[in-house]
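Read through the structure below, which is laid out as structure tokens, and then see the notes.
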Amino acid sequence: MKKQNAKRRDFLENRRKKLIRAHSRRMKKTYGSNTRNIEQGRRGSNYQLPAPKIFSLMNNLEETLQYFNKVSNVIKKSDSNTTLYFDLSAIEDASPDAFMYIIALLNNNRRIQTLGISCAGNEPVAEGPRDTLNKAGFFRYVKSRRFHPIEDEKSQLRIYRGIQSDPKLAQKICDFIHVRTGNLIDRLGTKRLYPMFIELMNNVKQHAFGYGDTREAIFCNWYTYAEDI
């Protein structure tokens, strides 16, 4: 290897520092200044998807649906070189249904899965919606290098996932509801919910997915959540 003189070494070091600064400016321009929350994707097209301040299908239906329609349209024109960045930082109020819908989008969308589209994002800055995100077990379903799922048996909120009618899971949901009510609702009361969940599971499996090939079942999960409020 040819030995470099001091002048050449200084030139290369300064050039390296300039490249690093230029890269940092590009990242901030693409993703915003809060780059520490980013799980970087591959190079290519990048779409920043800022969520509305009130992120709830129950309390802000129209704006939240518009957000998910925008996400769906972006996914349709994305490819393997695309990074989708879910910017949740500005959320001030949220309900679990909206976070659950993000889980469904990321895990059920065939285009994301088959093309390997990169997805990244951050947490809400506000404590309330961030607490809802974590208590719902969001990171049990969405992989992250920075965050890890926290299993809490006393959790007041739980998201469940399934592919078909699942009697054991229906019973698990009923048991969770019974425990979280502090026995205010007896076993008979929560058992009345059991056939309702079974019917919902069957209806979704038979009518909502519409897949004919069992190999596509991996893209057809249903989600439900139970919350003690």
Side-chain angles (χ1 to χ4, degrees), residues 27-41 44-79 82-113 115 117-144 146-147 149 155-161 200 203-204 207-210 219-229:
M27 289 296 293
K28 287 182 179 180
K29 185 177 180 181
T30 303
Y31 294 112
S33 59
N34 193 19
T35 55
R36 62 188 177 85
N37 285 332
I38 293 173
E39 296 173 20
Q40 273 181 247
S45 301
N46 300 296
Y47 295 97
Q48 192 161 359
L49 301 164
K53 289 184 178 181
I54 301 177
F55 195 44
S56 171
L57 290 165
M58 292 189 293
N59 303 323
N60 189 21
L61 178 62
E62 186 174 347
E63 194 174 2
T64 305
L65 282 179
Q66 286 175 356
Y67 174 74
F68 286 122
N69 284 334
K70 178 183 177 181
V71 172
S72 297
N73 289 332
V74 166
I75 292 173
K76 289 177 183 177
K77 57 184 179 183
S78 299
D79 56 31
T82 300
T83 297
L84 306 179
Y85 185 70
F86 291 83
D87 183 3
L88 310 181
S89 61
I91 297 174
E92 297 176 357
D93 185 36
S95 56
D97 50 22
F99 293 133
M100 185 172 67
Y101 204 93
I102 289 182
I103 293 171
L105 271 175
L106 296 179
N107 289 311
N108 288 22
N109 191 283
R110 183 171 184 174
R111 190 172 182 83
I112 289 178
Q113 300 295 329
L115 295 182
I117 296 171
S118 294
C119 297
N122 56 19
E123 288 184 302
V125 173
E127 184 178 352
R130 186 174 68 248
D131 194 44
T132 299
L133 181 83
N134 287 294
K135 282 184 176 179
F138 184 83
F139 296 109
R140 291 170 59 212
Y141 297 101
V142 177
K143 293 181 180 179
S144 170
R146 290 192 67 248
F147 304 103
S155 174
Q156 294 175 287
L157 174 64
R158 195 72 57 81
I159 291 177
Y160 299 93
R161 170 174 72 176
L200 286 169
N203 285 342
V204 173
H207 305 297
F209 298 144
F219 306 110
C220 299
N221 291 285
W222 51 256
Y223 296 83
T224 186
Y225 77 91
E227 181 182 16
D228 176 14
I229 52 174

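Scope of the values below: all heavy atoms of this structure, side chains included, with no hydrogens, waters or symmetry mates. By convention here, the first residue in the shown sequence is residue 1.
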Item to complete: Dump the intermediate steps for side chain to side chain contact (heavy atoms under 4.5 Å, CB included) on Thr64 and Phe55, then the final yes or no.
Response: CA-CA 6 Å; Thr64 305; Phe55 195 44; 4.1 Å; yes
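- Here the CZ atom belonging to Arg111 is positioned 5.5 Å from the CD1 atom belonging to Ile117, to the nearest 0.5 angstrom.
- Rounding to the nearest 0.5 Å places CG of Asp131 at 10.5 Å from CD of Glu123.
- Of all the heavy atoms in Val204 and Trp222, the pair that sits closest is CG1-CB, 3.7 Å.
- The OG atom of Ser78 lies 9.0 Å from the CG atom of Leu115; values are rounded to the nearest 0.5 Å.
- Under the 4.5 Å side-chain criterion, counting only non-hydrogen atoms from C-beta, Asn46 is not in contact with Tyr85.
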Let me have the donor-acceptor pairs involving side chains of residues 69-77, under 3.5 Å, with sequence neighbours excluded, atom names and distances please.
unit_1	atom_1	unit_2	atom_2	d
Asn69	ND2	Leu65	O	3.3
Ser72	OG	Phe68	O	3.0
Asn73	ND2	Asn69	O	3.2

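- To the nearest 0.5 angstrom, Ile91 atom CD1 is 8.5 Å from Asn122 atom CG.
- You'll find the side chain of Thr132 stays beyond 4.5 Å of the side chain of Ser95, heavy atoms only.
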Worksheet item: Is there a side chain to side chain contact (heavy atoms under 4.5 Å, CB included) between Glu63 and Ile54 once you walk through the steps?
Response: CA-CA 8 Å; Glu63 194 174 2; Ile54 301 177; 5.7 Å; no
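- Side-chain N or O atoms of Arg130 include one that pairs as donor or acceptor with a backbone N or O of Val125 at under 3.5 Å.
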Side chains of residues 98-106: which donor-acceptor partners sit under 3.5 Å, not counting sequence neighbours?
none

